[in-house]
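Letters A, B, ... mirror the listed sequences (proteins, then strands); counts begin at 1.
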2 protein chains.
Amino acid sequence: MRKHTAGLRLVDVAEHAGVSIATASRALSGATGVSEALAERVRAVATELGYVANVHARSLASGASPAVGLVVHEIGDPYFAEIASGVLEVAGAHGRMVQICHTGRDPHAEVAQLRALAGAGVGIIVVAGSGHLDRDVQAQMKAQVQAFEATGGRVAVIGRHPQLGVDAVVPANVAGGRSIAEHLLSLGHRRIAVAAGSRRLATMADRLAGVEQALGDHGLRLADLPVVEAAFTLDGGKDAARQIMDAHPDVTAVLALNDDMAVGVLSVLGERGVSVPGDVSVTGFDDVTVAGHLSPALTTVRLPMKQMGRQALELALLPRAARARRRTAEQRLMVRASTAPVRG
Amino acid sequence: MRKHTAGLRLVDVAEHAGVSIATASRALSGATGVSEALAERVRAVATELGYVANVHARSLASGASPAVGLVVHEIGDPYFAEIASGVLEVAGAHGRMVQICHTGRDPHAEVAQLRALAGAGVGIIVVAGSGHLDRDVQAQMKAQVQAFEATGGRVAVIGRHPQLGVDAVVPANVAGGRSIAEHLLSLGHRRIAVAAGSRRLATMADRLAGVEQALGDHGLRLADLPVVEAAFTLDGGKDAARQIMDAHPDVTAVLALNDDMAVGVLSVLGERGVSVPGDVSVTGFDDVTVAGHLSPALTTVRLPMKQMGRQALELALLPRAARARRRTAEQRLMVRASTAPVRG
DNA sequence: CTGAAAGCGCTAACAA
DNA sequence: TTGTTAGCGCTTTCAG
């Protein structure tokens, strides 16, 4: 008395086709060593019967699972949703399912999710979301990733993960930070406040490094600017904006390190009757779909999120290379209506 | 010579704990019939060793998989991303993984994905995205769903799926359509154009039905209004807006049937120098996160997407009931800056 | 309450 | 080229 029978099994197909299950298996899994005629017949029978192989049995027997795991901070966040979209696209093209895990932006949860995915028997894991600068977190991640790869699993990450040594798609965060800061500086802004997420994230460090380079070109230093750290979300942007406007009412520009925060900043400035870009210019980072439709349209740095998702899975689909591969995702400055020359 | 060994197996734990694998299994799966003392010892050993059960083996043996499948039209779309977020939240709380599938808004792909998920051995499927009015699609969906449930699987849908007979979370689309239309009518608008997605979707039919009710209250009929059908996306909204403004330049309001389309409408109106809400009022539907931050802030109908995702999985987690359960997700009119009284 | 053993459905040696 | 068969790691009767 079986509890959950999908009904058809390989034997059924084999019987109907008048072959052994071994032959049936080979025919259906596209393995070599079956005459094309037989293979064709088996496939026809399978299709006709509506046979679908049991993944669990297959994975158990072969030791390889077709599933791919995707770890994101928060799937409701457009940045990750777009990355996921790219991953799903490639996965679909390869007939693979994608298991998605939330981490809620907690690096320890990230490690736990990695372990969970490995336990869930996926063969491939894509980690989206910034690497962490905390040595302890890095070590845990590394241990987990290596354990997974040791069992034949493949891993690719999106973002810079120091020391991890796996294939990676790295967005041009430094260049992006530099170009967006350069844009503000070229407009004459000097009293610039930065709305940032946790500085323990590699992404933040990189974007800030780019900002610092641009500042350096103008004889300025990041240390002289207010850098407010808050949650890397819309609400975090609101918090940061409030702190900035309270403590530094004389700023002429707010450089937010992602679009979510920028939206929060715009929201608070709007509430307070501060005109953008009349009184204060605001910039974002990422260029999520809606950025161009905000009030005002957001000047930001475009990152090809969906493509990054695609590339990451494509890397992970490749066999492991001796040296970790690295793809750079280019940034592009999108100048829109939220920035203007500083007022005389 | 094993190819993909996660290393630890149940035997290892059993040996370390000095019990049989049967006992170890019972202890770890929380089954009854083991003395609490032994169970505790086994669990301790398992934790210490870092043992994680092989899902494939477990699913194969027990015939039940802990994975839940989620079918969405497009994960990059904020509406579905938020629903997914709710589903992931509940899944996480129950220690389950979520496999997400795209359908690209193709109803046939939806059926295929259902089959794929069933084949992938998930035990639970949540289908997000509107039901279809096409009888043929309905029949296929139903056949697939019943086959899945016959094998012990559980299904819950988000949205109205006529005739499907499974647990459902149904957003108040009719009431929402009615309230948003009523809002425009109360502002004096009469020459209203509707930007809609495919009318073969139940969601569209319901929202339009609500609009029609409101019109009826004012002695008007939907048939007298231009209803432009386009893709249910931002670009579709652009297409619809162009058609509307070209064919009916005298409209005073555009009622878009989701926020994505409304954003596209705003975009086109902006390009053409049509002031919103000065010349034309615009409304959306869903209230995705950014709706309140658009230019101008969008008047729309709020649907609790994340909660809908949560509820759907909660329903699916319950044992099948004799009669399909139904939860209604309430709508709420959000009046913002994109609507104003019609000009005298 | 605990252990031995029979599968779950499939793949992959190994034979023929 | 095709078939036979021994597992993959776990759950679950069935004995003890």
Side-chain angles (χ1 to χ4, degrees), chain A residues 1-43 45-46 49-67 118-121 123 151-152, chain B residues 1-43 46 49 51-67 118-121 123 151-152:
Chain A
M1 200 184 312
R2 277 162 298 163
K3 200 206 273 178
H4 178 138
T5 305
L8 292 167
R9 289 160 315 162
L10 189 53
V11 243
D12 302 319
V13 177
E15 274 176 13
H16 275 258
V19 299
S20 71
I21 64 168
T23 302
S25 169
R26 289 191 271 254
L28 294 175
S29 64
T32 176
V34 207
S35 68
E36 189 45 45
L38 252 196
E40 190 46 55
R41 189 165 92 224
V42 173
R43 280 189 225 110
V45 171
L49 263 43
Y51 169 78
V52 185
N54 178 316
V55 206
H56 299 304
R58 180 175 278 197
S59 301
L60 183 57
S62 72
S65 159
T151 70
Chain B
M1 199 182 309
R2 276 164 298 165
K3 198 207 278 181
H4 177 137
T5 305
L8 289 168
R9 289 161 314 161
L10 188 54
V11 243
D12 302 319
V13 176
E15 273 175 13
H16 276 259
V19 298
S20 71
I21 66 168
T23 301
S25 169
R26 288 191 271 255
L28 294 176
S29 63
T32 175
V34 206
S35 67
E36 189 45 46
L38 250 195
E40 190 46 57
R41 188 165 92 226
V42 174
R43 280 189 226 109
L49 262 44
Y51 168 78
V52 185
N54 178 317
V55 206
H56 299 305
R58 180 175 278 198
S59 300
L60 182 57
S62 72
S65 158
T151 70

For the pair [X] (side chain) and [Y] (backbone), establish whether a donor and an acceptor sit closer than 3.5 Å, ignoring hydrogens and angles.
{"X": "A:Ser65", "Y": "A:Gly121", "result": "yes"}
{"X": "B:Ser25", "Y": "B:Ile21", "result": "no"}
{"X": "A:Ser62", "Y": "A:Arg58", "result": "yes"}

Separation of [X] atom [atom1] from [N] atom [atom2], in whole Å?
{"X": "B:Leu28", "N": "D:dT11", "atom1": "CG", "atom2": "P", "value": "8 Å"}
{"X": "B:Ile21", "N": "C:dG3", "atom1": "CD1", "atom2": "P", "value": "11 Å"}
{"X": "B:Glu40", "N": "C:dC1", "atom1": "CD", "atom2": "P", "value": "16 Å"}
{"X": "A:Arg58", "N": "D:dG7", "atom1": "CZ", "atom2": "C1'", "value": "17 Å"}
{"X": "A:Arg9", "N": "C:dC10", "atom1": "CZ", "atom2": "P", "value": "8 Å"}
{"X": "A:Leu60", "N": "D:dC10", "atom1": "CG", "atom2": "C1'", "value": "8 Å"}
{"X": "B:Asp12", "N": "D:dC8", "atom1": "CG", "atom2": "C1'", "value": "14 Å"}

In terms of side-chain heavy atoms of [X], which of [options] is nearest?
{"X": "A:Ala22", "options": "C:dA12, C:dA4, D:dT2", "result": "C:dA12"}
{"X": "B:Arg26", "options": "C:dC10, D:dC14, D:dT2", "result": "D:dC14"}
{"X": "A:Tyr51", "options": "D:dC10, C:dC10, D:dG3", "result": "C:dC10"}
{"X": "B:Ala61", "options": "C:dA12, C:dA4, D:dG9", "result": "D:dG9"}
{"X": "B:Asn54", "options": "C:dT11, D:dC10, D:dT12", "result": "D:dC10"}
{"X": "A:Ser62", "options": "D:dC10, D:dT11, C:dA12", "result": "C:dA12"}
{"X": "B:Leu10", "options": "D:dC10, D:dT4, C:dT2", "result": "D:dC10"}
{"X": "A:Ser35", "options": "D:dT1, D:dG3, D:dC8", "result": "D:dT1"}

query = At under 4.0 Å, does any side-chain N or O of B:Ser25 touch on OP1 or OP2 of D:dC10?
reply = no
B:Ser20 side-chain N/O to C:dA4 phosphate OP1/OP2 under 4.0 Å = no
query = Looking only at heavy atoms, which two atoms of A:Ala27 and A:Ala39 are closest? And how far apart?
reply = CB-CA, 3.7 Å
query = Is it true that A:Glu36 and A:Arg43 make a salt bridge, defined as a side-chain N closer than 4.0 Å to a carboxylate O?
reply = yes
task = Could you tell me whether the side chain of A:Val45 reaches within less than 4.5 Å of the side chain of A:Tyr51, counting heavy atoms only?
result = no
key: Close side-chain approach of B:Leu49 and B:His16, heavy atoms under 4.5 Å   = yes
query = Bend angle of the helix from C:dC1-D:dG16 to C:dA16-D:dT1 from five-pair axes at both ends, rounded to 10°?
reply = 40°
